[in-house]
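A, B, ... follow the sequence lines: proteins, then strands. Residue 1 opens every chain.
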Amino acid sequence: MKKKANFNGNNLLLVITIVLFVVMYAIGCIVYGSKGFSQFQSFLNILIGNAGLICVTCGMTCVMITGGIDISVGSLVGLDCMILAYGMEKLHWSAITAVIVVLIVGIVFGVVQGFLIGILGIQPFIITMAGLFFARGMCAVITTEMVNVANETFKKWATIKINLPFGGYVNRRGIYMAPYIRITVVIALIVVALTFILLKFTKFGRSLYAVGGNETSAKLMGLNVKMTKMKAYILSSFLCSIGGILFCMNSMTGSVAQAKGLEMEAIASAVIGGTLLTGGVGNVIGSLFGVLITGTIDALVQFNGKLLSSWSSIAVSVLLCFFIILQAIFALIKERNKA
Amino acid sequence: MENGVVLTMRGITKTFPGVKALGGVDFTLRKGEIHALMGENGAGKSTLIKVLTGVYDFENGEIHVEGIDSPIINHSTQEAQNRGISTVYQEVNLCPNLTVAENLFIGREPKKFGLIDWKTMNKKAQQIIDDLDIGIDVTVTLENYSVALQQMVAIARAVDMESKVLILDEPTSSLDDNEVEKLFGMMNRLKEQGVGIIFVTHFLEQVYAVCDRITVLRNGELVGEYPIAELPRVELVAKMMGKNFDDLASIKDADDTCIKDELIIDANGLSHKGKIKPFDLEIHKGEVIGLTGLLGSGRSELARAIYGADKAQTGTLKVNGKEVKINAPIDAMKLGMGFLPDDRKAEGVIADLSIRENIILALQAKRGVFKLIPRKEQERLAEKYIKEIQVKTASMETPISQLSGGNQQKVIIGRWLATNPDFLILDEPTRGIDIGTKTEIQKLVVKLAKEGKSVIFISSEIEEMIRTCDRMVVLRDGMKVGEISEDITQATIMKAIAGGDSNE
Ligand SMILES: Nc1ncnc2c1ncn2[C@@H]1O[C@H](COP(=O)(O)OP(=O)(O)OP(=O)(O)O)[C@@H](O)[C@H]1O
Ligand SMILES: [Mg+2]
């Protein structure tokens, strides 16, 4: 019957993202192969370095699917690290206690933001900006010094190497080097998997898409739009706090300036991964690749050794623009096809 | 509660800031009846439905549902659904970014091990869609389908909920005859199963085709409830409008033609691949041309090719005798054309703007963003069209989203009239618009023609075209197949549309 040509720009965006990652990585391998970029471990290092960001981006994706945004995540990660470091070193909490406190802080933070945005209907940008300043301010209230984590248990968690049974190589001295990941990567990938299931296979997950697609419709179809939005922000802050813990395992410090601007990296990764700024479309697999792309850019700049690290921000911002333009073009094509 | 009654509302009162939308309205719905809720645009039909289903709260009154002893108040549509009331609202109430299957099942997805079972969901959804004989793929996102199909999906969703009360608020406004037929079949089946159905429409024939009883509202007040046999059409119209009115009276004199010799539009071999095959069309100044054919026959597409909404890929177009190239609608606007699209839900209303801003929008675009129309003139235009097409509103500064559905549409018609076009394309201008205003719009078209303007008029109501058009262009399967200029009657048009099936 009247079936229109089915242009699925959203799948295409995901494909473009994955292809872009592969191409970028391949170029890296060719250019910096001699410096070891092509080794499997280099890839794993990107995962290790960005485990925290992966979790944060998962939460960001969920919020952006509803058509919202959460710019408090960078500061919250900073606050999480500070609580962990200060709690364990100055207040002598055990590692477990510190982790639990951080997770609770994340949930409470999310409940407050979610209530104001979801239930009271205030602009997400405004509320999460307030959240951004609040969390950053709280860091300074706790202490303005830099606190290093020396807690034995936490250190042990952070330094566990999980060897992979494949992809190793024999080094110059003839010793077999097994590639490894850290516990952070395992946690991050579990978060990705769970978020994927949540988004695809639960009523709550589908409600996020419905709300982002058309809020009035979602309401008229009998979905609880307010609660759905509130839960999205709780989820974001919670995943962000998990990300904060992973982040701290990498840095092993807490300081006022930590993870500044991380919210932009998370947003950029989500957008590069195919999440629409207008809401209603997005998935965590794309977001994972988004993080990998930003991570690869960082790695390439590092391997070059001569470039300033600011070049990676420039590259990410160019990519971000590119993807936003792509989104706009796809939206236009869709509009055309419909007319 | 009386026997056989599924729903009663008593003394329902609802006020919006500055507007009394409902004042003590009573409504009774019986088992196995189809009950028409009638009234002019802004009479309060949709508001009554939204109060009942928990979208709005209300100040006064009582609602009773069969099987529940105490009065009920629904606080959300979910609650209403749980109590056996399912609704298709007037505005599109689906999510374009979700698949058809999800739209059918969201909120009540089939589960396996606590997770959504997509396979079962898709299978069930395809079953529902196939039962209704709508040939669409349920795994595709809804935005890929036409408004009419989306409307059918919305109906399918409501019907599948197996409730005791089914509410349909203007479900037929974007459906073609065929789909309306399907809908009526479905409604009659449900009726036999004892479901009570509330049906809102502005098509009077449809009311008399399926309904058993009519409740009439006017200005938020109850006028009365009547069995269908006791309320003939003329009386129904009088009750709705509060005065006697013959909506079928002639609006133009046969010999009163004002067609001039000059051509305003001279199209030669225009086409757009996959939508409309090459066609020729001449339109004189002061002429009203009707485009007729089944839905999907290319009526809108022909108009869109002239206007540049779908850029013509072949052929030439002369406007006022001069050959022109139209790449986009803005070019057409600058040449003095105006186009009211049929999909006004998607292409028309800008919900956050006021009525005044919505009205001047197209004119502002035509003049260019840098030549701001002075506030005084904006107000003059807004006032003029609010009066001319009878928009029911407290003020021109009211956000358009607070108007009733039909009044929003009127504003969009005003938007195009405000550009003062020499050549105006009206695609289904009277859909969702009440009977009094329908006639008013038809008169307006005739008046424009008298002023020497030309109009393309597209409508599914043949009656309405006969009353306004000088010439009919017949379309079939994306192709112009003929013209009728003499003896325009229901019979000749129907025959031309069907296409003298002997030679096919
Ligand atoms: N959200 C709102 N805010 C303020 N006023 C409103 C709102 N919704 C409706 N109204 C007003 O309530 C009145 C009744 O509107 P309603 O939508 O019930 O009319 P209707 O009978 O459904 O008309 P139509 O046939 O055009 O759909 C109108 O005067 C309208 O302006
Ligand atoms: Mg209405």
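Summarising the geometry of B:C95 relative to A:A210, their closest heavy-atom pair is SG-O, 3.3 Å, with the distance given to 0.1 Å. Here the closest heavy-atom approach between residue B:P96 and residue A:N214 is recorded as CD-CB, 4.1 Å.
If you measure heavy-atom distances from B:R157 to chain A, the contacts under 4.5 Å come from the side chain alone. The parts of B:N103 that come within reach of chain A are both its backbone and its side chain, each placing non-hydrogen atoms under 4.5 angstrom from that chain. In this structure, the portions of B:L94 lying under 4.5 Å from any heavy atom of chain A include both its backbone and its side chain.
Ranking B:L98, B:N82, B:D117, B:T87 against chain A, the residue ahead of the rest is B:L98, based on heavy-atom pairs under 4.5 Å. The greatest number of non-hydrogen atom pairs below 4.5 Å with chain A, out of B:G107, B:S300, B:A154, B:G114, is found for B:G107.
Considering only residues two or more places apart in sequence or on other chains, B:K111 meets the side chain to side chain contact (heavy atoms under 4.5 Å, CB included) condition with A:K203, B:I116. B:K123 pairs by the side-chain hydrogen bond (donor to acceptor under 3.5 Å, both in side chains) definition with nothing, not counting sequence neighbours. Scored by the side-chain hydrogen bond (donor to acceptor under 3.5 Å, both in side chains) test, B:S404 finds B:N407 as partners (sequence neighbours excluded).
More than 12 heavy atoms of other shown residues, nucleotides or ligands fall within 6.0 angstrom of atom CD in B:Q313. Around atom CZ of A:F125, no more than 12 heavy atoms belonging to other residues, nucleotides or ligands sit under 6.0 Å away. For A:K219, the NZ atom sits in a loose shell: 12 or fewer heavy atoms of surrounding residues, nucleotides or ligands are nearer than 6.0 Å. At most 12 heavy atoms of other shown residues, nucleotides or ligands fall within 6.0 angstrom of atom CG in B:D352.
Contacts of residues 221-238 of chain A with chain B at a heavy-atom distance below 4.5 Å involve A:M221, A:G222, A:L223, listed in sequence order.
The residues B:E109 and A:R206 are annotated as not salt-bridged, no charged nitrogen and carboxylate oxygen being separated by less than 4.0 angstrom.
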